[in-house]
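What follows is a set of notes on a single structure, which appears directly below.
Atoms considered below: every heavy atom in the structure, side chains included; atoms not considered: hydrogens, waters and symmetry mates. Letters go in sequence order (proteins before strands), and every chain restarts at 1.
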There are 2 protein chains.
Amino acid sequence: MEKKYVYLFREGNETMRDLLGGKGAGLAGMTRSGAPVPPGFTITTEACNAFSAAGHFPEGLWEQVISALRSIETATGKRLGDPANPLLVSVRSGGKFSMPGMMDTVLNLGLNRETTAGLAALTNNPRFAADAHRRFVQLFGKIVLGVEGSEFEKVMEAAKGESRVDTDLSTAELEEITARFRAIVREQAKVEFPDDPMDQLGQAIAAVFRSWNGRRAVDYRRVNRIPDDLGTAVNVQSMVFGNMGDDSATGVAFSRNPSTGEHVLYGEYLVNAQGEDVVAGVRTPRPISEMKIEMPQVYGQFEQIARTLEAHYKDVQDMEFTIERGKLYMLQTRTGKRTGRAAVRIAVEMTKEGVIDRETAVRRVEPAQIEQLLHPALDPEARASARLLTTGLPASPGAASGRAVFDPDEAAAMAINGEKVILVRVETAPEDFHGMVAAQAVLTARGGMTSHAAVVARGMGKPCVAGAGELRIDYAAGQLSVNGTTIMKGEMLTVDGTTGEVLAGHVETQEPSLDADFETLMGWADTFRKVGVRANGDTPKDAQVARSFGAEGIGLCRTEHMFFEGDRIDAIRQMIVAENVEERRAALAKVEPLQREDFVRIFREMDGLPVTIRTLDPPLHEFLPHEDGEIRELAKQMGIPFERLKAKVESLREVNPMLGFRGCRLGMIYPEITEMQARAIFTATKQCREEGIIVRPEVMIPLVNTVDELRNQTDIVRAEAVKAGVSDYLVGTMIELPRAALVADKIAEVAEFFSFGTNDLTQTTLGISRDDSARFIPAYVDRKIFADDPFQVLDQEGVGQLVKMGVERGRATNPKLKVGVCGEHGGDPSSVEFFVRNGLDYVSCSPYRVPVARLAAAQAELGKEAKDK
Amino acid sequence: MEKKYVYLFREGNETMRDLLGGKGAGLAGMTRSGAPVPPGFTITTEACNAFSAAGHFPEGLWEQVISALRSIETATGKRLGDPANPLLVSVRSGGKFSMPGMMDTVLNLGLNRETTAGLAALTNNPRFAADAHRRFVQLFGKIVLGVEGSEFEKVMEAAKGESRVDTDLSTAELEEITARFRAIVREQAKVEFPDDPMDQLGQAIAAVFRSWNGRRAVDYRRVNRIPDDLGTAVNVQSMVFGNMGDDSATGVAFSRNPSTGEHVLYGEYLVNAQGEDVVAGVRTPRPISEMKIEMPQVYGQFEQIARTLEAHYKDVQDMEFTIERGKLYMLQTRTGKRTGRAAVRIAVEMTKEGVIDRETAVRRVEPAQIEQLLHPALDPEARASARLLTTGLPASPGAASGRAVFDPDEAAAMAINGEKVILVRVETAPEDFHGMVAAQAVLTARGGMTSHAAVVARGMGKPCVAGAGELRIDYAAGQLSVNGTTIMKGEMLTVDGTTGEVLAGHVETQEPSLDADFETLMGWADTFRKVGVRANGDTPKDAQVARSFGAEGIGLCRTEHMFFEGDRIDAIRQMIVAENVEERRAALAKVEPLQREDFVRIFREMDGLPVTIRTLDPPLHEFLPHEDGEIRELAKQMGIPFERLKAKVESLREVNPMLGFRGCRLGMIYPEITEMQARAIFTATKQCREEGIIVRPEVMIPLVNTVDELRNQTDIVRAEAVKAGVSDYLVGTMIELPRAALVADKIAEVAEFFSFGTNDLTQTTLGISRDDSARFIPAYVDRKIFADDPFQVLDQEGVGQLVKMGVERGRATNPKLKVGVCGEHGGDPSSVEFFVRNGLDYVSCSPYRVPVARLAAAQAELGKEAKDK
């Protein structure tokens, strides 16, 4: 039997994307739903591939095209090339994935001098016909015959002169222009413009096929990793016109409000206009609600079609339509994009309406959209009139306004006086913590998505824009300059951490609202989810927020973050400056009761849930000042000579602190630090348990390379547990170095749990410092060298191998090994999917991303809904 | 049949280490060789294990001990416990591996009041007998009965008073002391000292068995990864005494001179003395040559035995002997340790004598010893009287003296005036290069074995001591202080990079001599070697040295090292400061002819051999000054405002430069750099080929993470080759990031060769900055957390997995892929063995380590000689 290369729209359906391309499948699906689609047909991708291989139409194709064309003619009552009642068609390419660089659209195919005259007579509108002819020759000349588009535009410009626009041209002028266009084709393409409509059709189809192997299309596929053998389909569809008078119109509409989710038609339309007029914005379209009054019958039909399409596609539809002389045609329908708020409401309401089931509702909402709901956003109107200063990385979502402050102490002082401030720093360090606590938002000129500012801000749920490289910050002068604007200390500034935008002045924000629909959807998600979701939290406040967002435990409590509160830093600094173990123990003794009290408060908040506490991790120099003035001041305060403190600071300075004396290396050299921390954990555990609180402590050793390191630190921890009389706890380790993943089988001999620290694991596996990556990662992402910033989305191909290896090897030794992840990736949906697929027991992320992770984890179990690429 | 637990020395041999322990196997082997060994027997490790399991002697053991004892009695004509002619024995533990923490030695077992009297009568030396008895009770009490040793020492101290030594004690005093010792045993151990010799023997054997599970022994095994189930053997041997008069003596001797390798007996002896007297140094021993005159007959016998043992063991022997009343006994023989010079001479001469074959000669010499031969060494006598200031890391071998200088410019200036200088810096940076060139040696306070100073010094073959953390360097004052000594600028200092020692003043050195024996041995090695050996070299001079040491190509030419020569740095700095691509190209155009000329000169030196050139690798800030004064000066020189240059320096500053904007990331963002370098390489290639030189260029792209990076850079390189009209070259990549090894299959789609950059691969895999590692790696090595410094010896368990994976995956894609290594590990013998085992095609190391690598590579093919642990 002959191969079927051509499908009438009514023969296909929306699942046939491979064969009919995205557009063809959509037109077929819409036709099948019963919507009034202008009739047409699709030539398959297989035909394209056969054409590419042979260099000419495959056997039988042309005959099938003619046969399909006859079918359109029958349906429309028009005939291609018939001057009495000419059929006009559009010819469009349409591959499986939408692809710039491919041939676009030829409209009005079928026109020549005779059919144009016929169209003029038929519509009683010679100017309309002349303009349609002009447009066709121009498009066909450019797209099919390869004439440089500017050649045509020059003619148009010359004809209009300086003051007129397209619509000012007369019929005669348009005819003259078309004649010139034909001359240009003759000169440039060295061919006579084809006037036989079948010839036009054949050439247009071949041009679409050829464009698949055009240079831009090939380049695009290479960069976007789209296989070369997919081929493109060709869609041939009868034309309809919304510009045939006041009973004609064109418009776009959503089946529900995409901003709020309200179940009402939402869109706009233009009377006596073509689709491109809506886009061009020459005339202002009117809200679709007015169509109800103006064209009640058509509106009623459209409402009915929208309902039908929603029922057919089981989702909100974004539809394009044209009304030709009172008759409604649907030109396109696709899934409607929507805000997070709308997405949640629509999913829940559609479920209640019985259109979809709970599983579909959970699969449908983008986890990233959930995050929008949890943070304040700029008021869109206020945003529109605000002045954009620069854009940095969207490091922590939410928006806030406040007075620019460049010093953390000043930020704290102003906040005490009730001022709202934005802390602006070149980059932040742990010693800026109190300033970050005081600020509404944080803005830095340097640092990536996982820089200190970004991580801490996310942990606190505060907006942060990081790495805004155009900022020039002058601490001494107390000002920042950016693109010619200077903002002095105390002037208002607005930061949008969701978009990365920095705006001048105050901009109104809208508060987040977690409504009943949100709670409903999250509840459904939890019924599908199997993997645990914990939060990274360092303080009792964090723990409380985390729990309110549904966290099932603390996956990472960074003990050192507590060190910056109040005057605790003094004792820490004494510990660092200590010259021997006795001095060090004396200083640690001052820290211990504070740590214990923190743990007690966190344990109370997390009653019944596990709390993973990491022993001291950062290099010690992070706790000391680095500039002479500050060192001098601290030396005075500590009562030691400036020179001694300066020498200590110098001796601790590191070339690559990320790879330096930190993590368990500290506890190996100064076991008394681990001892103190373990003692604080276990005495707090004992105290809480005596209060009747269920405490599930998990002690986590960071930056382990070998099982001997872990054994050494575990021995210290267990000894303290024995002394405190505490049993029933776990000791485990971070897997955050490539070596640890490679020897996970050995490490699991000692570890009771693993927690993948994917931030550091990404840094080491890729050899990229997150603090220094801003100089090239954005360019890498732009050029698709990296699919995503590997600090936001797990590099599954590289880092993922180590995670997989770590899980498999660890469990091979200890099948009961509990395995989690506590890097930033624990809150990234695609990464969560990877972790679920590889058998992790839980993910842990910033408290404010817990709902995102809950939803992503549920979707990982269900499989996500297929989305158009 | 009953299990055989006891072996007479003559029943065993030197291969039975598992069963008889190292010591027992040695005594058996020596007995078997025909040497006069005091008769004895060994109780097997199996007996120990049976004892440990059961808690008592296994069935049949005691009977076998008695039977073996009878055999000794027959051989010696003495009987244990016979007052008329008492047999005395020693009891020693001896596992497969020598192990501190195990029971040591009980001497003179068999003595009690009666046998002591008999011994006195027999030797006609009551004092000797009394002292032997005293020693026995003391040793047995301490070692077998567990009495605190200090209890006995207190008695001895009291008896001697302040002025006398052991030998001043009279017979009566010794008897009194022994009585006191027995009382101490009674009080402390709550037992009566056993006087039955058989009882003594049984208790001593059980004590050896028990010591296997003593705490210190268990700890030692854990740290040294010795299995717990090996068990220890027990050696029981009849005593002989060198202190029975002037016809008795004791001594040690080598069968050849261990310092020069000369074939002559070399050692010393003491008449009328026991072995411990030689060690104690109370009397000065005499050279063994004098024995030839004093005891000609015994000397002749000893010479004969030495020859026999050499023939038996086929290596130089280090022998302990005792002469008892004119009769020679051999107590121990083992392989003699020797200097590198001696090792080479002995191996070559023994081969020529027909004792060993060439293969054995090559297997026998330690590659590390070869390195000693290539560098000047301190004159041992001069060294002995020099004052040690401190010890740092032995970062680059060789020794040199010179005036201390703290500034590279001053070092260069003084060198021009003919002064020998030692450059002393806290750490070095690329901008110190000219100072390092000018200096005899380099000394730094900070940095590890692969710090900048270490790597550059090794490349130049200059001595370097790095990371001497006790140094306090004050640049402003022009002085260093260390452990209370201050060295001012201009004062003499000596640095021994082979040992890491820093000495005050001038110390004479001995020049290296590569003699005929060395060339002979290296020639033999090359006949066995299969893997290629290349050198890392950046200059024509390096290339020439490398070739003279037998390098078969350049495995790593770091183009950036050339940038610091002369005023080239100016153009580089202009390139960095450039504000747009045109300025950058203009600056690069100045660099290009200089690079081309360097390549031309290197290609000439390496005529016929491959030269691997790496494109620009270090972060750009390495080429700029960092202090305000220097920045101001440079700005003036470049004719740009200070603020602009300062801002540039600031903007390039990185938190973790090792993980920053470097390697191919530079070429990705600034493709014009790669273009310029590729053009310089290919125009140089073309020019040299026209001269008739055979050029084999290999362009190497650093720090690749993904195949797309490599593809991008390779496209640039190949385009330049086409423009230059050059074909026949390779393009490949460093594998120096964990991710690159993990996705090596993908990278090999583009790469023609891989070169493992194991320095950076170690840094990233272990998350350890080599520059910052000095703070904990030494402690880690001391505590056996790391077996070796991973920057010296490849971490096979961790990093090695990635190397293996990289080779396998790369070759799976491209079976013809050429694979080498160019990290520091390419010159480390055990690492070379690993690389050979894993199928690498070549190793590349510093020019001065090429002979080491050649020998190590030959040994990797042959398998090394088993060495005692």
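Residue contact with chain B, scored on non-hydrogen atoms closer than 4.5 Å, involves the side chain of Glu427(A) exclusively. Of the atoms belonging to Asp760(A), not a single heavy atom falls under 4.5 Å from chain B. Proximity to chain B (any heavy atom under 4.5 Å) is restricted, for Arg783(A), to the side chain, taken from C-beta onward. Contacts of Thr765(A) with chain B are made by both backbone and side-chain atoms, with heavy-atom separations under 4.5 Å. Only the backbone of Lys784(A) comes within contact range of chain B, with heavy atoms under 4.5 Å apart.
Met734(B) has its side chain out of reach of Leu703(B): every pair of non-hydrogen atoms, C-beta onward, lies at least 4.5 Å apart. In this structure, the side chains of Arg584(A) and Tyr670(A) come closer than 4.5 Å at one or more pairs of heavy atoms.
Shown here for Gly767(B) and Thr764(A), the closest heavy-atom pair between the two residues is CA-CG2, 4.1 Å.
Salt bridge present: Arg739(B) and Glu797(A) bring a charged side-chain N and a carboxylate O closer than 4.0 Å.
Contacts between residues 651-662 of chain B and chain A, counted as heavy-atom pairs separated by less than 4.5 Å, involve Ser651(B), Leu652(B), Arg653(B), Glu654(B), Val655(B), Asn656(B), Pro657(B), Met658(B), Leu659(B), Gly660(B), Phe661(B).
For the residue pair Glu736(A)/Asn759(A), the side-chain donor-acceptor check at 3.5 Å is not satisfied. Side-chain atoms of Gln713(A) and Thr674(A) form a donor-acceptor pair, as typed in the model, at a separation below 3.5 Å.
Take Thr758(B) and apply the side chain to side chain donor-acceptor pair (under 3.5 Å) test, not counting sequence neighbours, and it matches His825(B).
For chain B, the option among Leu737(A), Asp795(A), Ile768(A), Ile785(A) with the highest count of heavy-atom pairs below 4.5 Å is Ile768(A). Heavy-atom pairs under 4.5 Å with chain B peak, among Ile669(A), Asp708(A), Leu766(A), Leu666(A), at Leu766(A).
Relative to the six-membered ring of Tyr475(B), Arg425(B) meets both conditions, a distance below 6.0 Å and an angle of at most 45° to the axis.
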(request) Determine, step by step, whether Asp219(B) and Arg222(B) satisfy the salt bridge (charged side-chain N to carboxylate O under 4.0 Å, His left out) criterion, reporting the C-alpha distance in whole Å, the side-chain angles of both residues, the deciding distance to 0.1 Å, and the verdict. (result) CA-CA 5 Å; Asp219(B) 285 351; Arg222(B) 180 165 138 182; 5.9 Å; no
